[in-house]
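Here's the structure we're looking at; comments come further down.
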Amino acid sequence: MTAERAPLRPTRDPRVTLDDLVEVLLNKGAVLHLDLIVAVADIPLIGVNVRAVVAGMETMLEYGMMRQWDEDTRAWAERSVRRRGLDLREGESVVCRMSGGHLLAEGIYTGWRPGTVHLTDQRLVVVRDEPREVLWQADLDAVRAARLEPERTVGGEERLRLRVALADGGEALLSAQEPEKLHARLTDACAGRLDTPFPFRPAVEEEPLHEGHLWFHEPRRGGPLWRGGQGRLTAAGLVWKAPVDSRPALVVPMADIAGVERSAGYGPAGEGTVFVVRTTDGGEATLAADDPAAWTERLAAARPAMGTG
């Protein structure tokens, strides 16, 4: 049984300051009684009689005022979120939303996918509006850790990213318009379920088996495009990165390489400089080098069981 609030009653104090007035408006409220008469040449023409209550929304709701407006506004906000691409579950409500993105690091290609980050009381979701698609999502029950970490962009600016660890051992890297706010809200929403310390281990730089300049035939929406960059082959796999990229655009783990073969086509370095790396999932990456034979031989030596052509 909850105790009833005392009725909202007006009080008078001629010594109040502006700070006092703001505090009263937010925490208690103010009742305005206004009688105004507009006269011209001592002849009253217009009369105004106002009776109003001014208070913070929390105070208004506690005293039962504007509840219908509050419910209608919340319902409108949830409908607006649905129109922007997030279909809420039964009983799910939005905690915050902001522009952001998700780093796709599955398969052999990596890259940021922009969208909108939604944090609800049940999950963390990244949605792309056009075409409408859920880029990544995780239930809050599956989130085990979250931390902010800096990343230097192509232009040299340092930005904070949100790294999330999941119960299945997976991880995700998200960008957000307000990363500190998203991290704080996520921590509150998980209600103390996050693990400490953070479970991720920093990557260990491996000695290269072969490295040098490579061209990558990068898939694009308008068709593939040759781009020059730096290739690096280690025991962990093959990585390619362009000078203007903040992170590698091509990452092929050694365990995923099914084979490598030379191609007779033309590449940026001329005829016969192209080779193709095939992956176990049926994908392939087309590359070109001034010394394609050296790259294919080193790839074959690093993974003797795979085929070469």
Side-chain angles (χ1 to χ4, degrees), residues 101-113 126 133-138 142 151 161 163-174 199-221 223-243 245-265 267-269 273-309:
H102 167 250
L103 180 67
L104 177 65
E106 299 176 358
I108 61 178
Y109 305 114
T110 63
W112 284 102
R113 300 185 295 174
V126 182
E133 179 187 0
V134 174
L135 302 178
W136 178 87
Q137 67 174 323
E151 180 183 60
R161 309 300 191 189
R163 187 175 293 277
V164 180
L166 304 177
D168 61 1
E171 63 177 85
L173 191 64
L174 309 181
F200 298 122
R201 299 178 180 177
V204 178
E205 187 74 13
E206 295 190 57
E207 288 294 325
L209 303 175
H210 191 61
E211 62 181 338
H213 189 270
L214 276 181
W215 286 272
F216 173 40
H217 208 211
E218 186 175 44
R220 296 287 185 90
R221 185 172 299 178
L225 175 70
W226 283 109
R227 296 180 66 202
Q230 188 74 8
R232 182 181 175 88
L233 176 65
T234 67
L238 176 65
V239 175
W240 179 90
K241 179 179 179 296
D245 293 342
S246 60
R247 58 177 59 243
L250 176 67
V251 178
V252 189
M254 190 63 70
D256 293 346
I257 298 178
V260 59
E261 58 187 22
R262 297 281 296 274
S263 173
T273 61
V274 178
F275 64 97
V276 178
V277 178
R278 294 181 285 105
T279 59
T280 55
D281 61 359
E284 61 180 35
T286 303
L287 302 135
D290 293 322
D291 55 345
W295 279 98
T296 54
E297 289 171 4
R298 297 297 173 85
L299 279 163
R303 189 169 175 78
M306 74 180 183
T308 59

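Keep in mind that what you see is a predicted model, and the values were worked out from it rather than measured. Heavy-atom basis, side chains included; hydrogens, waters and symmetry copies ignored.
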Non-hydrogen side-chain atoms of Leu209 and Arg298 separated by less than 4.5 Å: no
Contact check, side chains of Met254 and Thr234, non-hydrogen atoms, under 4.5 Å: no
Trp240 and Val252: CA distance, side-chain angles, deciding distance, side chain to side chain contact (heavy atoms under 4.5 Å, CB included) verdict: CA-CA 9 Å; Trp240 179 90; Val252 189; over 6 Å; no
Those residues that, when tested against Glu297, pass salt bridge (Lys or Arg N to Asp or Glu O under 4.0 Å) (two or more places apart):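 Once residues adjacent in sequence are excluded, Glu297 has no partner under the salt bridge (Lys or Arg N to Asp or Glu O under 4.0 Å) criterion.
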Mind checking the [atom1]-[atom2] spacing from [X] to [Y]? Nearest 0.5 Å is all I need.
X      : Y      : atom1 : atom2 : result
Leu173 : His102 : CG    : NE2   : 8.0 Å
Leu225 : His217 : CG    : NE2   : 7.0 Å
Asp256 : Thr280 : CG    : OG1   : 4.5 Å
Glu151 : Trp112 : CD    : CH2   : 6.0 Å

Return the minimal non-hydrogen interatomic distance between [X] and [Y], and the atom names on each side.
X      : Y      : value
Leu166 : Ala138 : CD2-CB, 3.8 Å
Thr296 : Ala293 : OG1-O, 3.0 Å
Arg227 : Ala242 : NH2-CB, 3.2 Å
Phe216 : Thr286 : CD1-O, 3.5 Å

side-chain contact (heavy atoms from CB on, under 4.5 Å) involving Ala289 - partner list, sequence neighbours excluded: Leu214, Phe275, Asp291, Trp295
Residues in side-chain contact (heavy atoms from CB on, under 4.5 Å) contact with Pro268, at least two apart in sequence or another chain: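 Here the qualifying residues are Trp215, Trp226, Ala288.
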Partner of Leu174 by side chain to side chain contact (heavy atoms under 4.5 Å, CB included), out of Leu103, Leu135, Val126: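 The side chain to side chain contact (heavy atoms under 4.5 Å, CB included) with Leu174 is passed solely by Val126 among Leu103, Leu135, Val126.
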For Gln230, all residues meeting side chain to side chain donor-acceptor pair (under 3.5 Å), sequence neighbours excluded: none
